[in-house]
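To start, the structure under review is shown below, and the notes come after it.
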Amino acid sequence: MARHLEDEHIPFPILVGDIGGTNARFWILTDVYAEPREFPHVRTAEFPTIDQAIQDCILDKTAVQPRSAILAVAGPIKSDEIPLTNCDWVIRPKQMIANLGFEDVLVVNDFEAQALAAASLSKDDREPIGTLAETSLASRVVLGPGTGLGVGGLVYSRHVWVPVPGEGGHVDIGPRSKRDDQIFPHIERIEGRISGEQIICGRGIVHLYRAICAADGIEPRWTDPADITSHGLEHTDPVAVETLELLATYLGRLAGDLALIFMARGGVFLSGGISQKIIPALKLPAFRAAFEDKAPHSALMKTIPTFVVTHPQAALAGLAAYARTPSSYGVSHDGRRWRKG
Ligand SMILES: Nc1ncnc2c1ncn2[C@@H]1O[C@H](COP(=O)(O)OP(=O)(O)OP(=O)(O)O)[C@@H](O)[C@H]1O
């Protein structure tokens, strides 16, 4: 069926929101060209509902009444009631239209928003890992370790960027080296298997650290992932140093697999709260070595750039880029756009 441009257009002013488990972030875009109006982070725990938070922290603080909202959320969008992962808020678009003055509400997946950002981030908003600093107009992948492990694909086809939301953080990850063979039996499993998210996220870092301790018969000292990465970066604890090196290795291994799946010649972008905090560890040889270790395609892998996303509000930047030029993106509205009347 033909794409109808008038149907894709979302009317300005537009409220864009990145609704996380702990923080929600909002911008208002008054028109296609204006710089976004930014608002302070909203702590989700401080408001009983998202409608209350938007009313008190955004609408009451500006004379601009947004006509539309585009919201990125962690969790599946299956019905008119969208519960959030890791937070008590439920998004009810019909209620938002009735009570907050919106005409149009679109809800997308948080890693779709991250993928939209990967299409539009400038060089200032990304840090290359490895020697390749340029990217090309080609498919990309976003991989973000945070509370969980999010993955988004971004397929470039017929001059359009198509974000592909999925559950790629839950693919299996397996041992590769002799050291892996010693450590993997001790990694905490989920229903018998070791998925990416069992290792590459906040609690996964603790699993990995504890598995190394168990393999070596050492009493664990740290329970907070931030302690492990900081002692690893500062070289003040040898097990933390190895944890960080193996974290970089496994992140590289999975990033390489995803690059193969999407043929992501445009690059792999590491987002999420953790990547930015461990950039020095990712710049050591382990990450790229694991990324490129994909026989028979090592030569191909050497041509694919990898970056850490350093933009502080990448998801909002991605939503804003989409809101300004929706025809450049193949964002599906099916079952997740609600309009007045
Ligand atoms: N310095 C650090 N090193 C390793 N892990 C960290 C560090 N700081 C925080 N973490 C872990 O990162 C996770 C939080 O990640 P992140 O900041 O990406 O949150 P998030 O999932 O995006 O949350 P929200 O959805 O509210 O934005 C927690 O598990 C936390 O323990």
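Residues take their numbers from the sequence shown, with the count starting at 1. Atoms within a ligand are numbered from 1 in the order they appear, just like the ligands themselves.
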Distance-only check: which donor-acceptor pairs under 3.5 Å involve side-chain atoms of residues 50-59, not counting sequence neighbours?
{"unit_1": "Q52", "atom_1": "NE2", "unit_2": "D56", "atom_2": "OD1", "d": "3.3"}
{"unit_1": "Q52", "atom_1": "NE2", "unit_2": "D56", "atom_2": "OD2", "d": "3.3"}
{"unit_1": "Q55", "atom_1": "NE2", "unit_2": "D60", "atom_2": "OD1", "d": "2.8"}

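- Between F26 and F39, the ring center distance fails the sub-6.0 Å criterion.
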What does the N/O contact table under 3.5 Å look like for ligand 1?
{"unit_1": "ligand 1", "atom_1": "3 (N)", "unit_2": "T229", "atom_2": "OG1", "d": "2.6"}
{"unit_1": "ligand 1", "atom_1": "8 (N)", "unit_2": "K277", "atom_2": "NZ", "d": "3.4"}
{"unit_1": "ligand 1", "atom_1": "15 (O)", "unit_2": "T147", "atom_2": "N", "d": "3.4"}
{"unit_1": "ligand 1", "atom_1": "18 (O)", "unit_2": "G273", "atom_2": "N", "d": "2.7"}
{"unit_1": "ligand 1", "atom_1": "21 (O)", "unit_2": "T147", "atom_2": "N", "d": "3.1"}
{"unit_1": "ligand 1", "atom_1": "21 (O)", "unit_2": "T147", "atom_2": "OG1", "d": "2.7"}
{"unit_1": "ligand 1", "atom_1": "25 (O)", "unit_2": "G21", "atom_2": "N", "d": "2.9"}
{"unit_1": "ligand 1", "atom_1": "26 (O)", "unit_2": "G21", "atom_2": "N", "d": "3.2"}
{"unit_1": "ligand 1", "atom_1": "26 (O)", "unit_2": "T22", "atom_2": "N", "d": "2.6"}
{"unit_1": "ligand 1", "atom_1": "26 (O)", "unit_2": "T22", "atom_2": "OG1", "d": "3.3"}
{"unit_1": "ligand 1", "atom_1": "26 (O)", "unit_2": "N23", "atom_2": "N", "d": "3.3"}
{"unit_1": "ligand 1", "atom_1": "27 (O)", "unit_2": "R25", "atom_2": "NH2", "d": "3.4"}

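- Side-chain contact check for T306 and R288: at least one donor-acceptor pair (N or O, by modelled atom type) lies under 3.5 Å.
- A salt bridge links K294 to D257: at least one charged side-chain nitrogen sits closer than 4.0 Å to a carboxylate oxygen.
- The hydrophobic cluster containing L284, built from Ile/Leu/Val/Met/Phe/Trp/Tyr side-chain heavy atoms closer than 4.5 Å, comprises no other residue.
- Here E46 pairs with nothing under the salt bridge (charged side-chain N to carboxylate O under 4.0 Å, His left out) rule; sequence neighbours left out.
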